[in-house]
Peer 1: 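For reference, the structure I am asking about is given below.
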Amino acid sequence: MARLRIKDILKTTPTEQTIIVKGWVRTFRNNSFIALNDGSTNNNLQIVVDFNKTPEDILKRITTGAAISITGILVASLGKGQSVEVKASSIEIIGDSDAEKYPLQPKKHSLEFLREIAHLRFRTNTFGAVFRVRNTLSFAIHQFFNEKGFLNLHSPIITSSDAEGAGEMFHVTNFDISNPPKDENGQIDYKHDFFGKPANLTVSGQLEGELAALAFSDIYTFGPTFRAENSNTTRHLAEFWMIEPEMAFSDLNDNMNLAEEMLQYVINYALKTSHDDIEFLNQRLLEEEKQKPQNERSEFSLIEKLNFCLENNFERITYSQAFDILRECNYNKKKKFNYLIDKWGVDLQSEHERYLVEKHFKKPVILIDYPKEIKSFYMRQNDDGKTVAAMDILFPGIGEIVGGSQREERLEKLETRMDELGIPKDELYWYLDTRRFGSCPHAGFGLGFERLVLFVTGMTNIRDVIPFPRTPKNCEF
RNA sequence: UCCUUCUUAGCUCAGCUGGUUAGAGCACAUGACUGUUAAUCAUGGGGUCCCUGGUUCGAGCCCAGGAGAGGGAGCCA
């Protein structure tokens, strides 16, 4: 007889059929009731043990964390709290778990503690829900782009281009780093390195994505990205996953439409497909909110917040409009911002972004047309000579979740800008070739996958939505 | 990297103005009970008070340095 998954058992009508189920013990109450979980769902299956007919040494080994196999009959539950349960006819201990040493207890643990035992935190309700939702979102993204006819491109993880300037990079080498070969000037001689030149882990697949978009029209990448920044925040990782679509024959407007449609699609998909898990996370947050003073509680529950995003269009405004709103707002006039908004052209600080999203509009905001000085070289220059066709999508509680732009497709404009910023054109000849041969308007963006998972799960620390977070001074597991 | 808070039992935390043997809940062990929902009740074991140095008759508590963690900022996704 085949083992059944708990998710399916809980949906089955009980007719006293005999089944086999395997999983890990969450709690064992009253010497009679096992809460069994196999990770297929957040809900546990209750196993009823007749302790009078079960050997003492088996009962003693049914401990929190133990892996067990149950053969029994599926019946309607006599107790409250579950509709079906399994009356065990035989119990096999597959893997013991010493209750005194097993760190997880049937009680609430702090997220900080669970982060230190990330190898075991999958077995908790919260992280079970988080990583099932993460899986659902990942699948939804692929499905969304597949339905739209986008080609999934595997952009390289090791690159030799360091011309992009998108942050500090991790160096890739097979040199003996205590004794690398040197040239006649005493400099490290990369000619003898594995690739014959310096190489790094990618900080973005965008440039490669553009090359493919100018052949396949619509592509997206979904892969790991690495930044060696010394960032210690709740929304940065040294290794994270990014989704980067790129569309040929498209402008900034198409770009905004795609990003908004995609975010709404995957949120909607998660709400429907991962309903139980999101409901659990929703309850978890409500409990947490009860601990807070009234004025710090959020207006919306997690599910209300997600639905709100589906029912309302994102607010679309230009940098200049945002600048005016911020300059004229009471916060600015009363000097409540740490950084005053006074001169057009300043970069917005996160306190300003939060004001716009959380206080002024109270919904996701798409900011476009930023001053060119504060944005990258590849963004398309607007006719005003001051701004570029950039877009950032800001989410409540998360901040920037998407950063993108229409790309500069005009060779001369692009080269001029690269010269101004001192970006070596010869190293990026391949990028410029797309502008030499059959260039066309195109646009794309980068979506931080973990930031999306943060938003949908209502978690607040990005280290809790990736299985094994890599951050400065932390590369455990 | 900067600012700030924290570090006491396996976990979550209390510990007064520096004072004698450092506590609670949960977990664990033993027993009772047996349709429980983080079961309940009784009993019990469990401590490098983060580390190093200093002040003091006396330091978990004060001072200096260090390590680690949380929150905020910058960089960004």
Side-chain angles (χ1 to χ4, degrees), chain A residues 26-35 43-52 59-60 63-65 75 77-82 85 87 97-117 124-125 164-168 202-206 222-244 259 287 337-339 347-354 374-376 392-395 398-404 445-455 460-466 471-474 476:
Chain A
R26 284 290 175 81
T27 62
F28 183 34
R29 285 186 297 269
N30 219 351
N31 230 0
S32 304
F33 303 98
I34 303 170
N43 301 311
N44 299 326
L45 177 66
Q46 175 154 289
I47 310 293
V48 184
V49 179
D50 185 344
F51 57 85
N52 290 316
L59 286 175
K60 284 226 181 299
T63 54
T64 303
V75 297
S77 178
L78 295 174
K80 289 172 191 159
Q82 60 280 317
E85 62 191 20
K87 275 199 184 308
S97 173
D98 184 338
E100 203 167 357
K101 292 180 183 151
Y102 187 59
L104 292 174
Q105 299 159 11
K107 59 164 272 189
K108 195 174 167 69
H109 288 290
S110 68
L111 295 174
E112 290 82 7
F113 171 67
L114 293 171
R115 214 172 286 150
E116 289 168 16
I117 51 164
T124 64
N125 287 330
E164 216 191 312
E168 291 295 311
T202 182
V203 292
S204 165
Q206 181 202 316
F222 188 169
T225 310
F226 307 88
R227 305 264 167 98
E229 301 284 349
N230 191 9
S231 296
N232 293 289
T233 78
T234 52
R235 53 190 189 286
H236 289 87
L237 291 164
E239 176 185 286
F240 63 101
W241 289 68
M242 189 153 66
I243 296 106
E244 295 183 285
E287 290 296 316
F337 288 135
N338 290 319
Y339 295 85
D347 208 349
L348 300 183
Q349 306 292 317
S350 44
E351 58 179 347
H352 306 131
E353 297 181 347
R354 293 187 65 156
I374 58 176
K375 288 292 180 183
S376 303
D392 283 358
I393 302 185
L394 311 175
F395 264 33
I398 313 286
E400 186 177 343
I401 196 168
V402 163
F445 61 82
L447 166 73
F449 184 56
E450 282 75 18
R451 291 187 181 176
L452 174 65
V453 181
L454 272 183
F455 184 72
T460 52
N461 193 320
I462 203 162
R463 298 165 194 204
D464 295 331
V465 297
I466 188 167
T471 53
K473 302 282 185 293
N474 179 17
E476 278 299 300

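In what follows, chains carry the letters A, B, and so on, assigned in the order in which the sequence lines appear, proteins first and then strands, with residues in each chain numbered from 1.
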Peer 1: By centroid distance (under 5.5 Å) and plane angle (under 30°), are A/Phe449 and B/A77 in a stacked arrangement?
Peer 2: no
Peer 1: Between the base of B/U12 and the side chain of A/Gln105, is one N or O donor paired with an acceptor at under 3.5 angstrom?
Peer 2: no
Peer 1: For B/U21, which nucleotide in any strand shown is its Watson-Crick or wobble partner with both distances under 3.5 Å?
Peer 2: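 Partner of B/U21: none.
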Peer 1: Under the side-chain contact (heavy atoms from CB on, under 4.5 Å) test against A/Arg235, which residue among A/Glu450, A/Arg451, A/Arg463 passes?
Peer 2: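 It is A/Arg451, the one option of A/Glu450, A/Arg451, A/Arg463 that forms the side-chain contact (heavy atoms from CB on, under 4.5 Å) with A/Arg235.
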Peer 1: When the C1' atoms of B/U43 and B/U48 are compared, how many Å lie between them, rounded to an integer?
Peer 2: 29 Å
Peer 1: For A/Phe33 and B/G35, give me the distance from atom CZ to atom P, rounded to whole Å.
Peer 2: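 One finds 7 Å between P of B/G35 and CZ of A/Phe33, rounded.
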Peer 1: Could you tell me whether A/Glu116 contacts a base, only the sugar-phosphate backbone, or nothing, with contacts defined as non-hydrogen atoms closer than 4.0 Å?
Peer 2: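 Nothing, no nucleic acid heavy atom in range.
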Peer 1: What integer number of Å spans the P atoms of B/U55 and B/A67?
Peer 2: 24 Å
Peer 1: So what does A/Phe113 hit on the nucleic acid, given a heavy-atom distance under 4.0 Å: a base, only sugar-phosphate, or nothing?
Peer 2: sugar-phosphate
Peer 1: When rounded to the nearest Å, what value does the distance between C1' atoms of B/G23 and B/C61 take?
Peer 2: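 Pairwise C1' distance, B/G23 against B/C61, rounds to 16 Å.
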Peer 1: Quick one: closest heavy-atom pair of A/Phe337 and A/Glu351, and the distance?
Peer 2: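 Reported closest heavy-atom pair: CA-OE1, 3.5 Å.
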Peer 1: Tell me if the side-chain of A/Lys87 makes a donor-acceptor pair with the base of B/G35, cut-off 3.5 Å, by modelled atom types.
Peer 2: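 It does, because a donor-acceptor pair links the side chain of A/Lys87 to the base of B/G35 below 3.5 Å.
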Peer 1: So does A/Arg29 get a side-chain nitrogen or oxygen closer than 4.0 Å to the phosphate oxygens (OP1/OP2) of B/U36?
Peer 2: no
Peer 1: Can you tell me the pairing partner of B/C26 across any strand shown, Watson-Crick or G-U wobble, with both distances under 3.5 angstrom?
Peer 2: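 Because both required distances fall under 3.5 Å, B/C26 counts as paired with B/G10.
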Peer 1: Classify the side chain of A/Glu85 versus the base of B/G35 as yes if they form a donor-acceptor pair under 3.5 Å and no if they do not.
Peer 2: yes
Peer 1: Check whether any side-chain N or O of A/Ser110 sits under 4.0 Å from OP1 or OP2 of B/U12, and answer yes or no.
Peer 2: yes
Peer 1: For A/Arg354, does the CZ atom have more than 12 heavy-atom neighbours from other residues, nucleotides or ligands under 6.0 Å away?
Peer 2: no
Peer 1: Taking only nitrogen or oxygen atoms into account, show me every contact under 3.5 Å that the protein makes with nucleotides 70-73 of chain B, one pair per line with its distance.
Peer 2:
residue: B/G70; atom: OP1; partner: A/Arg115; partner atom: NH1; Å: 2.7
residue: B/G70; atom: OP1; partner: A/Arg463; partner atom: NH1; Å: 3.4
residue: B/G70; atom: OP2; partner: A/Arg463; partner atom: NH1; Å: 3.4
residue: B/G71; atom: OP1; partner: A/Asn461; partner atom: ND2; Å: 3.1
residue: B/G71; atom: OP2; partner: A/Asn461; partner atom: ND2; Å: 3.2
residue: B/G72; atom: OP2; partner: A/Thr234; partner atom: OG1; Å: 3.4
residue: B/A73; atom: N6; partner: A/Asn232; partner atom: O; Å: 3.4

